There are 2 protein chains.
Amino acid sequence: MRRTLSVVEYSGEEEVMAAVAKALSHPVRLKILKLLASQTCCFTGELTELIPMAQSTISQHLKALLEAGLIRGEINPPKVKYCINKENWLKASTLFARFFISSKKCHCDCG
Amino acid sequence: MRRTLSVVEYSGEEEVMAAVAKALSHPVRLKILKLLASQTCCFTGELTELIPMAQSTISQHLKALLEAGLIRGEINPPKVKYCINKENWLKASTLFARFFISSKKCHCDCG
DNA sequence: TAAGTTTATCGCAAATTTACGATTAATATT
DNA sequence: AATATTAATCGTAAATTTGCGATAAACTTA
């Protein structure tokens, strides 16, 4: 991909929020997060039974959520127990909340 | 792309939220939204001056934000005035807030 | 030790995203 | 009518995403 000569600068917040948003940008990942969140306790690989997708594909989506910091995986071979990463979840929640509140400043008449 | 034989079903909420998240998943689109939101009133095309990217690229990103419903464009040739779509902005805000709150149910010991 | 279970990773193909320059469209100005 | 301004669209190239099946890795159980 050709890149701009003068590179666009982003704030840390912009980078982090974009990364989290990207993790949330696929419906199956939202579904996975909701399933993990709805358990009274953490969860393992019933995901493969609940979601009709190849095991390798679900594993890939889990990896994306892990890398975004939204979930944690506790290895307990041969199983892995996934759950919400509460600390980062809270951070993400705050980030999005602040972002959406920020537009309240705008007092235009057009909508 | 090969598709799964049994198609995964998503709720309307999952689809909508994923689409909004996708619109928010690029730092330059976050920057654009912040710039639009920070204006006391609406905004025209200074974006090209504020963001060192090709005009066509910025136009593409604006289109993505338009299609996600996050902004509105008031055509006033040869200029176009963009601003936050407050109605959908509120909807998106609620969607994300509810989503993040939902994980509070999870009482696992692992995080 | 051999077979089974669970999950990650590899290799691949198709689709989508991202960015650019060039061009077009629509209107205002000279 | 000719030129200038602003923004969208087209065409293209490279990168990334998404999905699958096959295989590998790690540990249990027979």
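Within every chain, numbering begins at 1; the chains are lettered A, B, ... in the order of the sequence lines, protein sequences first and strands thereafter. Here the structure is a predicted model, which is why all the values come from computation and not from measurement. What's counted below: heavy atoms across the whole structure, side chains too, no hydrogens, waters or symmetry copies.
Below 30°, between 30° and 60°, or above 60°: for A:W89 and B:F99 the angle between ring planes is between 30° and 60°, a tilted geometry. Using a 30° and 60° split on the angle between ring planes, B:H61 and B:H26 fall in the tilted class, from 30° to 60°.
Between the CD atom in A:Q55 and the CD atom in A:Q60 there is a gap of 10.5 Å [rounded to 0.5 Å]. Atom-to-atom distance recorded for B:L70:CG and B:L62:CG is 12.0 Å, nearest 0.5 angstrom. How far CD1 of B:I84 is from CD1 of B:I71: 7.5 Å, rounded to the nearest 0.5 Å. Atom CD1 of residue B:I101 and atom OG of residue A:S93 lie 7.0 Å apart, to the nearest 0.5 angstrom. Atoms CD1 and CG, on A:I32 and A:L50 in that order, are 10.5 Å from each other to the nearest 0.5 Å. Atom-to-atom distance recorded for B:M17:CE and B:L24:CG is 9.5 Å, nearest 0.5 angstrom.
Residue A:Y82 comes nearest to A:G73 through the heavy atom pair CD2-CA, 3.7 Å, listed as atom of the first residue, atom of the second, then distance.
A:H26 has its NE2 atom 11 Å from the P atom of C:dT17, to the nearest Å. Here the P atom of nucleotide D:dT18 and the NZ atom of A:K31 are 16 Å apart, to the nearest Å. At whole-Å resolution of the value, CD1 in A:I32 and P in D:dT18 are 11 Å apart. Here the C1' atom of nucleotide C:dA28 and the CG atom of B:N76 are 12 Å apart, to the nearest Å. If you measure from atom CG of A:L65 to atom P of D:dT18, you get 11 Å, rounded to the nearest angstrom. In this structure, the CE atom of A:M53 is 16 Å from the P atom of D:dT17, given to the nearest Å. When rounded to the nearest whole Å, the span between CD1 of B:I75 and C1' of D:dA7 equals 10 Å.
Proximity of A:K81 to A:N76: side-chain heavy atoms (C-beta onward) are nowhere separated by under 4.5 Å.
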**Study point:** B:V28 and B:T57: CA distance, side-chain angles, deciding distance, side-chain contact (heavy atoms from CB on, under 4.5 Å) verdict
**Key:** CA-CA 10 Å; B:V28 89; B:T57 305; over 6 Å; no

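DNA chain D lies under 4.0 Å from at least one heavy atom of each of the following residues of residues 9-25 of chain A: A:K22.
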Check nucleotides 5-9 of chain C against the protein and report each pair of N or O atoms closer than 3.5 Å, with its distance, or say if there are none.
unit_1: C:dT6; atom_1: O3'; unit_2: A:P78; atom_2: O; d: 3.4
unit_1: C:dT7; atom_1: OP1; unit_2: A:V80; atom_2: N; d: 3.4
unit_1: C:dA8; atom_1: OP1; unit_2: A:Y82; atom_2: OH; d: 2.2
unit_1: C:dA8; atom_1: OP2; unit_2: A:S59; atom_2: OG; d: 2.8
unit_1: C:dA8; atom_1: N7; unit_2: A:Q55; atom_2: NE2; d: 2.9
unit_1: C:dA8; atom_1: N6; unit_2: A:Q55; atom_2: OE1; d: 3.0

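For C:dA19, the OP1/OP2 oxygens have a side-chain nitrogen or oxygen of B:H61 closer than 4.0 Å.
One axis for each end of the helix from C:dT1-D:dA30 to C:dT30-D:dA1, each built from five base pairs, and the angle between them comes to 0° at 10° resolution.
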